[in-house]
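Here's the structure, in structure tokens; my notes come after.
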Amino acid sequence: MKNKKLIFVLMAFFTSLQGVANVYNVMDYGAKGDGKALDHIAINKAIDAATSNGGGQVVLPAGTYLCGSIRLKNNVDLHLMTGAKILAAPAEMKAYDESESFGGFPEYQDGGHTYFHNSLIWAEGQQNISITGRGMIDGEGLTRHDTEKAGNVEGGSIGTGDKAIALKLCRNVTIRDITIFRGGHFAIIVTGCDIGTIDNVTIDTNRDGIDIDCCKYFTVSNTKVNTPNDDAIVLKSSYALKKAVLCEHILITNCIVTGYKLGTFLSGEYIPEKVNWVCGRIKLGTESNGGYRNITISNCTCMWSSGLAFEEVDQGRMENIVVTNISLSHVHHYPIYITTGCRNRGPKEVTRPSSARDIYINNVIADDCDSLAGIIITGMAGEPIRNVTLSNIRIQYRGGGKKVDKPYREQGTNYPEPRWAGPTPAYGLFARHVDGLRLQNVKFELLQADERPDIILDDVKNQLIIE
């Protein structure tokens, strides 16, 4: 019996050693964690050591790690323990990698979508990578502006950090449990990545929260995103891969998006921000060269944000979109926006028009909605949006709108944002250039009188309205 017990103890001991052998503490590689010394060099050494041994977990114990660019590599989990903070170094420290060359190819998207290496944490072409733990990434030293323009030093200002986490052409990606504060231009951007999970992440940031661009088989779940000045969770399909690529098979579920003043979500003060042009929101677009297919958005709550936006304006296709169980409260500008247009930001030889079809939105409740615009569904003459179903919708509008005498702007080449188009001619729903519109149990409520009718349908074929 004693021998069996000894064997069991020895087996447990050797098993624990085996686990420890795959854990790389950044302190063992020279990190200080004092918030003063630059620690990304030590962190990158730990990542290299893990990769050379087939992978493992690179651990940051409690402390503040002042960092420039951290290069995530194959089979590595970058783990921020409780109390650990990665603090983005200021631009004057020149601690960030130079932006990669885009090869002289025309850029049909902003620099933030084009360049990745000048980020706080970045990876390109890597597999089985993750960023986990209860620690924080604070992008204090990152820019929130799109400083990367063609014609400058390619990639923009050398030494300026642009994004908190930027992943390109990676596979099997996990980002879980971390908190991101002040994420720069994008808190998280993943482009051309396959099979990924973003789960239980908290973001309180000054531009976009999460951008998923040209990706497939991604899930965003149980995540809270506060973005007072830009989009919270946004799917895109840009030309950053030098070709049109669909963003497809994406699930966004059990998430909360808000538009509180920066920092007040994390502090618990929850102070609504003065409305800029957008605030919070879940969105598809605007970059949409490839388009969106097989997208599900479910069980999400939006507070002090702009409404749901689905935009296809760059000659891609938007199809098989399912939205269900959404709560919106204190809605800026519009509750639901579905549009196609011909901005056509892409190669001139592409001649197909943007298209959208098979969009199903069910179980949406919204209160305190802006009087600017109702639900908007606008296609293009000759290329209508096809097969849209709205069911079990309850929208409470503030009202107070005036009668609109002039025709509502065609989307055309304009940037797709209702604020710049002006008030819709109907306070509840305005639809134009649609083939196949089904409304079932759709109700509107006014907090005060509005001079506009509740619904206007213009060039809408095959509509069915069921009370």
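All heavy atoms count here, side chains included; hydrogens, waters and symmetry mates do not. Keep in mind it's a predicted model, so treat the numbers as computed, not measured.
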Check whether any side-chain heavy atom of [X] lies under 4.5 Å from a side-chain heavy atom of [Y], and answer yes or no.
{"X": "Ile189", "Y": "His113", "answer": "yes"}
{"X": "Leu169", "Y": "Cys193", "answer": "no"}
{"X": "Leu80", "Y": "Met136", "answer": "no"}
{"X": "Pro272", "Y": "His330", "answer": "no"}
{"X": "Tyr24", "Y": "Gln57", "answer": "no"}
{"X": "Met81", "Y": "Val59", "answer": "yes"}
{"X": "Arg432", "Y": "Ile376", "answer": "no"}
{"X": "Thr378", "Y": "Ile338", "answer": "no"}

Per salt bridge (Lys or Arg N to Asp or Glu O under 4.0 Å), Lys236 is matched among Asp231, Asp314, Asp211 by Asp211
For the side chain of [X] and the backbone of [Y], is there at least one donor-acceptor N/O pair under 3.5 Å apart?
{"X": "Asn53", "Y": "Gly55", "value": "no"}
{"X": "Asn363", "Y": "Thr324", "value": "no"}
{"X": "Ser305", "Y": "Cys302", "value": "no"}
{"X": "Ser267", "Y": "Glu269", "value": "yes"}
{"X": "Asn25", "Y": "Met27", "value": "yes"}
{"X": "Arg343", "Y": "Tyr415", "value": "no"}
{"X": "Asn226", "Y": "Tyr260", "value": "yes"}
{"X": "Asp34", "Y": "Ala37", "value": "yes"}
{"X": "Arg144", "Y": "Gly184", "value": "no"}
{"X": "Thr64", "Y": "Gly35", "value": "no"}

Indicate whether any N or O donor in one side chain lies under 3.5 Å from an N or O acceptor in the other, for [X] and [Y].
{"X": "Glu107", "Y": "Tyr115", "value": "yes"}
{"X": "Trp122", "Y": "Asp97", "value": "yes"}
{"X": "Ser99", "Y": "Asn118", "value": "yes"}
{"X": "Asn206", "Y": "Asn229", "value": "no"}
{"X": "Asp162", "Y": "Ser119", "value": "no"}

Using a strict cut-off of less than 4.0 Å between a Lys/Arg side-chain nitrogen and an Asp/Glu carboxylate oxygen, indicate whether [X] and [Y] qualify as a salt bridge.
{"X": "Asp208", "Y": "Lys163", "result": "no"}
{"X": "Glu124", "Y": "Arg71", "result": "no"}
{"X": "Lys216", "Y": "Glu248", "result": "yes"}
{"X": "Lys32", "Y": "Asp39", "result": "no"}
{"X": "Glu417", "Y": "Arg281", "result": "yes"}

List the steps and the verdict of side-chain contact (heavy atoms from CB on, under 4.5 Å) for Tyr108 and Ser238. CA-CA 8 Å; Tyr108 298 117; Ser238 74; over 6 Å; no
Test log, rule side-chain contact (heavy atoms from CB on, under 4.5 Å), inputs Thr296 and Ile250: CA-CA 6 Å; Thr296 299; Ile250 309 294; over 6 Å; no
From CA spacing to verdict: side chain to side chain donor-acceptor pair (under 3.5 Å), Ser355, Glu383: CA-CA 7 Å; Ser355 65; Glu383 186 58 51; 5.0 Å; no
With side chain to side chain donor-acceptor pair (under 3.5 Å) as the criterion, how do Ser298 and Asn325 come out once you've worked through the C-alpha distance, each side chain's angles and the decisive distance to 0.1 Å? CA-CA 6 Å; Ser298 67; Asn325 298 344; over 6 Å; no
In terms of ring plane angle, is the pair Trp304 and His332 parallel, tilted or perpendicular, where the classes change at 30° and 60°? tilted
Is there a side-chain contact (heavy atoms from CB on, under 4.5 Å) between Ser69 and His117 once you walk through the steps? CA-CA 8 Å; Ser69 291; His117 296 186; over 6 Å; no
Drop me the distance from [X]'s [atom1] to [Y]'s [atom2], to the nearest 0.5 angstrom.
{"X": "Asn128", "Y": "Asn172", "atom1": "CG", "atom2": "CG", "result": "5.0 Å"}
{"X": "Ile131", "Y": "Leu72", "atom1": "CD1", "atom2": "CG", "result": "5.5 Å"}
{"X": "His79", "Y": "Arg176", "atom1": "NE2", "atom2": "CZ", "result": "12.0 Å"}
{"X": "Ser288", "Y": "Arg317", "atom1": "OG", "atom2": "CZ", "result": "13.0 Å"}
{"X": "Asp435", "Y": "Arg386", "atom1": "CG", "atom2": "CZ", "result": "5.5 Å"}
{"X": "Glu312", "Y": "Asn289", "atom1": "CD", "atom2": "CG", "result": "8.0 Å"}

[X] versus [Y], closest heavy-atom pair with distance:
{"X": "Gly341", "Y": "Ser354", "result": "O-OG, 3.0 Å"}
{"X": "Ser237", "Y": "Cys247", "result": "OG-N, 4.1 Å"}
{"X": "Ala187", "Y": "Ala164", "result": "O-CB, 3.2 Å"}
{"X": "Val201", "Y": "Asp177", "result": "CG2-N, 4.0 Å"}
{"X": "Leu308", "Y": "Tyr334", "result": "O-CE1, 3.5 Å"}

Cation-pi check, Lys85 to Phe181: give yes when NZ or CZ is under 6.0 Å from the six-membered ring centre and within 45° of the ring axis, no otherwise. no
Among [options], find the residue that satisfies the side-chain contact (heavy atoms from CB on, under 4.5 Å) test when tested with [X].
{"X": "Phe310", "options": "Ile361, Val388, Thr339, Ile282", "value": "Ile361"}
{"X": "Ile210", "options": "Ile165, Ile188, Ile252, Thr227", "value": "Ile188"}
{"X": "Leu78", "options": "Ile43, Val26, Thr132", "value": "Ile43"}

Report the C-alpha separation of Leu266 and Thr202 in whole Å, then their side-chain angles, then the decisive distance to 0.1 Å, and conclude whether the side-chain contact (heavy atoms from CB on, under 4.5 Å) test is met. CA-CA 9 Å; Leu266 290 182; Thr202 301; 3.8 Å; yes
Does the pair Asn200 and Asn222 meet the rule for a side chain to side chain donor-acceptor pair (under 3.5 Å), with working shown? CA-CA 5 Å; Asn200 197 38; Asn222 309 310; over 6 Å; no
Is the centre of the Phe265 ring less than 6.0 Å from the centre of the Tyr270 ring? yes
Report the C-alpha distance between Asp110 and Arg345 in whole Å, list the side-chain angles of each, state the deciding distance to 0.1 Å, and finish with yes or no for salt bridge (Lys or Arg N to Asp or Glu O under 4.0 Å). CA-CA 11 Å; Asp110 296 339; Arg345 190 181 182 189; 3.0 Å; yes
